[in-house]
Chemist: 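Provided herewith is a single structure, encoded as structure tokens, for subsequent inquiry.
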Amino acid sequence: MSSEQRKAFPFSEFEPKWQGEWEAKKAFRTPNPGDADFDASKPKYFVLDMFPYPSGNGLHVGHPEGYTATDIIGRFKKMSGFNVLHPMGWDAFGLPAEQYAIKTGTHPRVTTEANVANFTKQLKSLGFAYDWDREVNTTDPGYFKWTQWIFLKLYNSYVGDDGKAHPVSELEDQGLSREEIDHRRLAYVSEAPVNWCPQLGTVLANEEVVDGKSEVGGFPVERRPMRQWMLRITAYAQRLIDELDGLDWPESIKLLQRNWIGRSEGAHVTFKVDGIDETITVFTTRPDTLFGATYMVLAPEHRLVDEITTEEQLAAVEEYREKTARKSDLERTELAKEKSGVFTGAYAINPVNNERIPIWIADYVLMGYGTGAIMAVPAHDERDFEFAKKFELPIKQVVQPPEGHDWQGYTDNGIAVNSGFLDGLPTLEAKHKIAAWLEEKGLGKGTTNFKLRDWLFSRQRYWGEPFPIVWEDGQHRSIPESELPLLPPTLEDFKPTGTPEPPLSKATGWVQYSATAKRELNTMPQWAGSCWYYLRYCDARNSERFVGEAAEKYWMGGGKPGGVDLYVGGTEHAVLHLLYARFWHKVLFDLGYVSTPEPFQRLVNQGLILGEDGQKMSKSRGNVVNPDDVVREYGADALRLYEMFMGPLEQVKPWSMKGVEGVYRFLARVWRLVMEQNEEGSWSVSAALQDVPANKQLTKALHETIKKCGEDIEKLSFNTAISQMMVCTNAFTGAEVKPASAIVTFLKVLSPFAPHLAEELNQQIRARFPALAAPGFLSDETWPAYDPAALIEDEVEVVFQVNGKLRDKARVPVAASKEEIEKIALASPRVQEFMEGRPVKKVIVVPGKLVNVVV
RNA sequence: GCCGAUGUGGUGAAAUGGUAAACACAGCGGACUUAAAAUCCGCUGGAGGGCAACCUCCUUGCGGGUUCGAGUCCCGCCAUCGGCACCA
């Protein structure tokens, strides 16, 4: 109790109280279309946070940053007459729980449940207005049933000539063979080389490999060919670029995605191999430089290497190929500074001039991009230039750069030279002409290439969604939807097998689907569950469908490309999660299951919160701030308010406990506007609080605050909204008599930010002035309207400048005309002094603002 | 190397092309108190001048430009952070 007395206001009593009230009365339950209390006349607002992975460490202060922002928006929109969908859930599959299981034998489900319970308790202690009835958990069979169901949709779909997903049954109707169909599925099996990490005992996606090491743990990663499930995201590459246009996302994030997808326009050109009946097709973005191709390079893995290598070069080529195959990605990039390669002994014929050019292999050409073969134009490509210098290959100029540039290694546009019929043409025209020429001769054609690769979708793990697939006679097939959800087997031993064989192989009974069929042993990656969770929120308890049609139409509709009105989360998901979710959404859209082409209309990335030392928070630095401690010391409202007051939401900013104290003091000042303490230390409604109208000055402060806070919340400029509330509070603090109804209005404005304090004070005021306070929750009140008339003053201060420098100010009537103001300004002794008798050249008058006299 | 973001007091920051530094933090001074904490009131970008109320000059990473007027717009640099990195 003694520590209670040190508190400036009794937040530790009323915060849990209001959390209990909200929960008991389901204050933030959001009815769905079809529910008895659903009001279809209201517009909808779907505000979403990136749901957390419930780790064993609990919340860190970064979580409540975005969550508070969305909570303020959600509460504000609710008060502004919207049906607000503001849910929370758990992205709970994933490696940490599994690794913990390996260490301790505790089942991941047990760990996950405990962590979810802890996170829930923590989030509830912050007073977020979630509709907990819509909570989702990716590891819940009722949820992943539908993740598996969506996988089956991908498995049973292909992309047609119209660029849209269609059921593969259409291909069956067209009489395509089983094999042909398998080649077109959006979920398909591939033998491609993958990133195998021996320590983790799993294959990783390219995105999970950083600098040749695993993102988790930093273990070395090798390349090895393995049978994997892939998702054909590349079929959507163009749409994933194009359909960014209609979204309200930061341009920098759109750019990040566009670059990741990496569209580039160019041409395929086919070269004959000299002496044998083979051709090699290359992809180039600079077909205009074809005359400058002095050699050709194949990726070491290119299938034609065996065919074309001459006897004399065989040994060298074999050695080089083995060396590259052994190299990890890390080594391959590390050695990138120094080019390497081997001559195959073969020559290709340049189709434009019939020149014989040597064919090399080199690991700077990647098998996974384009055709895995390039024509090398060393004069106008940096990499080819480097390679040619190292191996003393000829360098031939075919582009004339503008004055002042060396042609050697010049890669920009210029004028074609030494290029036969292209000579004299600027690069762009030369590209068109050569493309037409190639097409006419049947030697090539214009093509578009993407950097984006198909999505490696299988993992050799236990704690993930099992694939609803079985294998029989070397062929895969889906299990019937009626068998979903397919639960993972119960395992005692979670250790990786140490071979690429997934841990599910240990569940021998589970594996055996029938006498002749075995289950797929891979599981889905963590991304799977987060690809569609926002849809499940719309109708989280539906057991008939992944989301009910009416609910999806209402919450995801609204006439914009994206369904979620606001999505807040960290930049770390700028590419992968957002790209994957967009891809799945488009497939579901094409198949008619959702009503918008995009999932997220408006995206905002919150900035990282650093430690007090300005460094990234980490256990090893000892600068981690635990939100539970802040709540205990200063209360949930202070934490919420501080996180928003620190600075712009998008910005990276350091934590400051002093700053928390600052907003805490502000909240205490608000408390004392209403409450006073007697000598025993107990609080009661202050005698200064009276049922009187606010004077003109307070009314103005209040209405300015209503206006600015409303506008700032829409802009997510919470820091400036809070400073305006501070200004308003300071004005009220200075008043002898506190007008009760004005304070109630102020509390409504404060309530989205500091909901506990606002509700408590409203209740206290209601006890004294029943007619003035809100009868129920402030969150059920309407956001106050401001009176523009209250903002207008009779007089405004006008600044007088001479030659742009501030020289004097005066208060003038608002209604004063330009001429009147100018007259007052010119009459000012200070203005005259600085005019020094020089003649007036020009006078600029901005009514209500300033006068600038130019002499 | 390429792409993007950021750069304003001692600190976090604020400013539709129109009074730079609102609002806070820290600091200093005062009131209350036996005292301290808490609270309340005031001062607080830099340099110079004046007994004083005040006054002058300078100041938004650096250098140019547009404009009556630039933290804000344009051009060129520098620094920090983030992303990508042989993608032909």
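Chain naming here is simple, since letters A, B, ... match the order of the sequence lines and numbering starts at 1 in each.
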Chemist: Using atom C1' of each nucleotide, how far apart are B:G18 and B:U33 to the nearest Å?
Modeler: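 After rounding to an integer number of Å, I get 49 Å for this pair.
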Chemist: Taking atom types as modelled, find out whether A:Ser828 and A:Asp808 have a side-chain donor-acceptor pair closer than 3.5 angstrom.
Modeler: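 A pair is found: one side chain offers a donor N or O, the other an acceptor, under 3.5 Å apart.
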Chemist: Is the ring pair A:Trp455/A:Tyr580 parallel, tilted or perpendicular, if the boundaries are 30 and 60 degrees?
Modeler: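 Ring orientation of A:Trp455 relative to A:Tyr580: parallel.
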Chemist: Whole angstroms only, please: what is the CH2-C1' distance between A:Trp260 and B:C2?
Modeler: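 Atom-to-atom, A:Trp260 to B:C2, this comes out as 15 Å.
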Chemist: Scan every strand shown for a Watson-Crick or G-U wobble partner of B:C51, both distances under 3.5 Å, and answer none if you come up empty.
Modeler: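 None - no nucleotide pairs with B:C51, as no candidate has both distances under 3.5 Å.
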Chemist: Tell me if the side-chain of A:Lys339 makes a donor-acceptor pair with the base of B:C86, cut-off 3.5 Å, by modelled atom types.
Modeler: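 Per atom types, the contact qualifies.
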Chemist: If we call it a pair only when both distances are under 3.5 Å in a Watson-Crick or G-U wobble match, what pairs with B:U80?
Modeler: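 For B:U80, the partner nucleotide comes out as B:A5, under the 3.5 Å rule.
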Chemist: If we take the P atom in both B:C43 and B:C54, what is their distance in whole Å?
Modeler: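 Approximately 11 Å lies between the P atom of B:C43 and that of B:C54.
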Chemist: Nearest heavy-atom pair of A:Ile280 and A:Ala373: which atoms, and what distance?
Modeler: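 For A:Ile280 and A:Ala373, the tightest heavy-atom pair comes out as CG2-CB, 3.8 Å.
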Chemist: For the side chain of A:Lys805, starting at C-beta, report the closest nucleotide among B:G12, B:G83, B:C58.
Modeler: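 So the side chain of A:Lys805 is nearest to B:C58.
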Chemist: Does a side chain donor of either A:Asn449 or A:Ser264 reach within less than 3.5 Å of an acceptor in the other side chain?
Modeler: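 There is no such pair (donor and acceptor under 3.5 Å, judged by atom type) between the side chains of A:Asn449 and A:Ser264.
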Chemist: Would you indicate which nucleotide in B:A88, B:C40, B:C25 comes nearest to any side-chain atom of A:Arg665?
Modeler: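 Comparing B:A88, B:C40, B:C25 against the side chain of A:Arg665, the answer is B:C25.
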Chemist: When you measure only distances, ignoring hydrogens and angles, does the side chain of A:Gln651 come within 3.5 Å of the base of B:U6 through a donor and an acceptor?
Modeler: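 When only heavy-atom distances are counted, A:Gln651 does not reach the base of B:U6 through any donor-acceptor pair under 3.5 Å.
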Chemist: Syn or anti for B:G76, given that syn means the glycosidic angle lies within 90° of 0?
Modeler: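 Base orientation: anti.
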Chemist: From A:Ile253 CD1 over to A:Asn605 CG, what is the distance, rounded to the nearest 0.5 angstrom?
Modeler: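 A:Ile253 atom CD1 to A:Asn605 atom CG measures 4.0 Å (nearest 0.5 Å).
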Chemist: Choose from B:U16, B:C68, B:A88 the nucleotide whose nearest atom is closest to any side-chain atom of A:Lys849.
Modeler: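 Selected nucleotide (nearest to the side chain): B:U16.
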Chemist: Going by purine N1 to pyrimidine N3 plus the second Watson-Crick contact, or the G-U wobble pair, all under 3.5 Å, which nucleotide sits opposite B:A70?
Modeler: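 Paired with B:A70, as far as the under-3.5 Å criterion goes, is no nucleotide at all.
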Chemist: Using whole Å, what does the distance between atom P of nucleotide B:C86 and atom CD of A:Glu338 come to?
Modeler: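 In whole Å, B:C86 P lies 16 Å from A:Glu338 CD.
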Chemist: Map A:Ile722 and A:Met646 onto RNA chain B by nearest heavy atom, then report which one ends up closer to the 5' terminus.
Modeler: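 Mapping each residue to its closest nucleotide by heavy atoms, the 5'-most match is A:Met646.
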Chemist: Provide the distance between the two P atoms, one in B:A70 and one in B:C57, to the nearest whole Å.
Modeler: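 16 Å, rounded to whole Å.
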Chemist: On RNA chain B, compare the nucleotides closest to A:Pro648 and A:Asn852; which residue's is nearer the 5' end?
Modeler: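 On the 5' side of the pair lies A:Pro648.
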Chemist: With P as the reference atom in both, quote the distance from B:G7 to B:A15 in angstrom, rounded to an integer.
Modeler: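 Roughly 12 Å separates the two P atoms.
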Chemist: In terms of side-chain heavy atoms of A:Ile374, which of B:A13, B:A88, B:C23 is nearest?
Modeler: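 Shortest atom-to-atom distance from the side chain points to B:A88.
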Chemist: Choose from B:G12, B:A24, B:G18 the nucleotide whose nearest atom is closest to any side-chain atom of A:Lys653.
Modeler: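 So the side chain of A:Lys653 is nearest to B:G12.
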Chemist: For B:A22 versus B:G10, give the span between their P atoms, rounded off to a whole number of Å.
Modeler: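 One P to the other, the span is 14 Å.
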Chemist: Once you apply the 3.5 Å cut-off to both distances, tell me the Watson-Crick or G-U wobble partner of B:U39, or none.
Modeler: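 Paired with B:A31.
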Chemist: Taking only the side-chain heavy atoms of A:Leu255 (C-beta and beyond), determine which of B:U56, B:G4, B:G18 contains the nearest atom.
Modeler: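 Out of B:U56, B:G4, B:G18, the nucleotide with an atom closest to A:Leu255's side chain is B:G4.
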Chemist: In whole angstroms, how far is the P atom of B:G83 from the CG atom of A:Leu579?
Modeler: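 These atoms are roughly 17 Å apart.
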